[in-house]
Protein chains: 2
Amino acid sequence: MQQSTSTEAPAGPRTEAALRILEAAKSLFADMGYEGVSIRDIADRAKVSKANVFHHFTSKASLYEAVLEHATADWDAQLDLLKNGSGSIAERIADFAAEDLQHQLADPHGVYLFLRQLMDNRHTAQRRKTEEVITRGLRSLLDVLEEVQQNRELSQRIDPLTLVLAILGSNFMYFQLRHLLNGLFDPESRVTPEDFSRSLIRLITPSTGAASDSSSPSDHPAS
Amino acid sequence: MQQSTSTEAPAGPRTEAALRILEAAKSLFADMGYEGVSIRDIADRAKVSKANVFHHFTSKASLYEAVLEHATADWDAQLDLLKNGSGSIAERIADFAAEDLQHQLADPHGVYLFLRQLMDNRHTAQRRKTEEVITRGLRSLLDVLEEVQQNRELSQRIDPLTLVLAILGSNFMYFQLRHLLNGLFDPESRVTPEDFSRSLIRLITPSTGAASDSSSPSDHPAS
DNA sequence: GCTTGGACTGATCGATCGGTCAGTGATTGA
DNA sequence: TCAATCACTGACCGATCGATCAGTCCAAGC
């Protein structure tokens, strides 16, 4: 049960091959799911023998755990942007939203790993861990918003939780459907992530009661 | 459109046991993923023999296909609400958003099946099918919004695509994190789906330029 | 020199996988 | 009455799964 790695932080791969295994496992787990990937698949992609995978990782489950650990490491860093960001609250929200979308686009495997984790009803141990990460992140975001709401920077009419979920959800929808979106319009008019982030902020911030003008000097409606 | 009803009962369960197999497969596939479920698991939950599964469905893949077919059938019906709905555009958007959230909450297995399908990079055949359903749905939603936008019912400042993705994404976020949300506040103050839908519409619609007053008689005075 | 230990591999294990098959019991139509 | 069809089952198959193990290779320490 509590067989999990007692040594907390040092999840660092000890060898070049071990790192290749970790990276191969991450992309494969993200694309095919835990059960959809065999140790052979991972070993083949990492250009090592199957037995070598078990040399570096005690079991398939522990390898998956290591992949999750490595993937969720840099998730926390993103929160500082809204926490310690500069500028008005509207700017910080806009920056956070744009940064979050870029983060998803830059690491799609991480997003998928995260999502699969939330959908899986088996590994309750790691699922709780993932839930804790999310809860902590949400709590952190809400603290900031509720604080500026008490300072009258943010309209009282806005529910901070709804605002957070709307940003994260909208970004995820764009991320998930990004390849389909271009087929909805003329082939020449693409919807870039920057376009979407701007449009999303324009949709949400007018009702926040915060000044949202400062950072749009060259913006014009004429397309 | 006519694709689904061309052959009336193409995959219709011909027996009570067959229906149990289909339902068991749906919940298991949704929770554990395609590779995470064995025919034995399905047979056990459906209270039939393993061979009987192959008697009704030619293979595991065809069973999965039948599950998907059965699950995506009622998805289309939801679009009519915004298409043929009554009332102002703001009311129709609000109704659609609330209905979409209720639909997700009522059929979480369907949502998970849908999502797993989009994350899976193997079954390209069914993946394209799923993508077509989504594309058709999005296209339909956008048509309505762009129409009312030309009629000046909807503000020109709003990007219809962003609005649609924001609604769907926000709902999905609430759906996905619904069990975590109550832990963020006092145990007594729960965030009901109705609360969230109201709050989401309040966040989004003020900037749409459409009249959004009709359905908020007890709303507070402007702060 | 010799020994130790870690990285790594090929061969192999039992368990479980998806799938097959011969057959049973009940129902039906001629 | 009997043959045919149906839903359904237990036993079994080859393939593949995660995991083990004995052993090779090589660099570091004495």
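Proteins get letters first, then strands, A, B, ... in listed order; numbering begins at 1 in each.
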Check: Any side-chain N or O of B/Arg40 under 4.0 Å from OP1/OP2 of C/dC17?
Finding: yes
Check: Between C/dC17 atom P and A/Lys60 atom NZ, what is the distance in whole Å?
Finding: 12 Å
Check: So which of residues 41-55 of chain A are in contact with DNA chain D, with a heavy-atom cut-off of under 4.0 Å?
Finding: A/Lys50, A/Ala51, A/Phe54
Check: Under 4.0 angstrom, heavy atoms only, what part of the nucleic acid is B/Ala17 near: base, sugar-phosphate, or nothing?
Finding: sugar-phosphate
Next item on the list: Identify whether the distance between the nearest side-chain nitrogen and carboxylate oxygen of A/Lys26 and A/Asp107 falls below 4.0 Å.
Entry: yes
Checklist line | Whole-Å gap separating P (C/dC8) and CG (A/Leu19) | finding: 12 Å
Next item on the list: Decide whether A/Ser27 and A/Arg45 meet the rule of one side-chain donor and one side-chain acceptor closer than 3.5 Å.
Entry: yes
Notebook entry, point to check: C/dG18 C1' sits how many Å from B/Phe57 CZ, rounded?
Noted result: 16 Å
Item checked: Residues A/Asn52 and A/Ser49: side-chain donor-acceptor under 3.5 angstrom -> no
Check: Minimum heavy-atom separation for A/Val48 to A/Ala17, with atom names?
Finding: CG1-CB, 3.8 Å
Next item on the list: Walk along DNA chain D from 5' to 3' and tell me the first and last nucleotide with an atom closer than 4.0 Å to a non-hydrogen atom of chain A.
Entry: D/dC17 to D/dC21
Margin query: Using side chain to side chain contact (heavy atoms under 4.5 Å, CB included), reason through B/Leu177 and A/Leu168 one step at a time and then give a plain yes or no.
Written below: CA-CA 11 Å; B/Leu177 304 180; A/Leu168 297 179; 5.7 Å; no
Checklist line | Which residues share a side-chain contact (heavy atoms from CB on, under 4.5 Å) with B/Asp143, sequence neighbours left out | finding: B/Arg139, B/Glu146
Margin query: Check A/Arg92 with A/Asp95, please: is the shortest side-chain N to carboxylate O separation under 4.0 Å?
Written below: no
Next item on the list: Give a yes or no on whether a salt bridge exists between B/Glu131 and B/Arg127, defined as a side-chain N under 4.0 angstrom from a carboxylate O.
Entry: yes
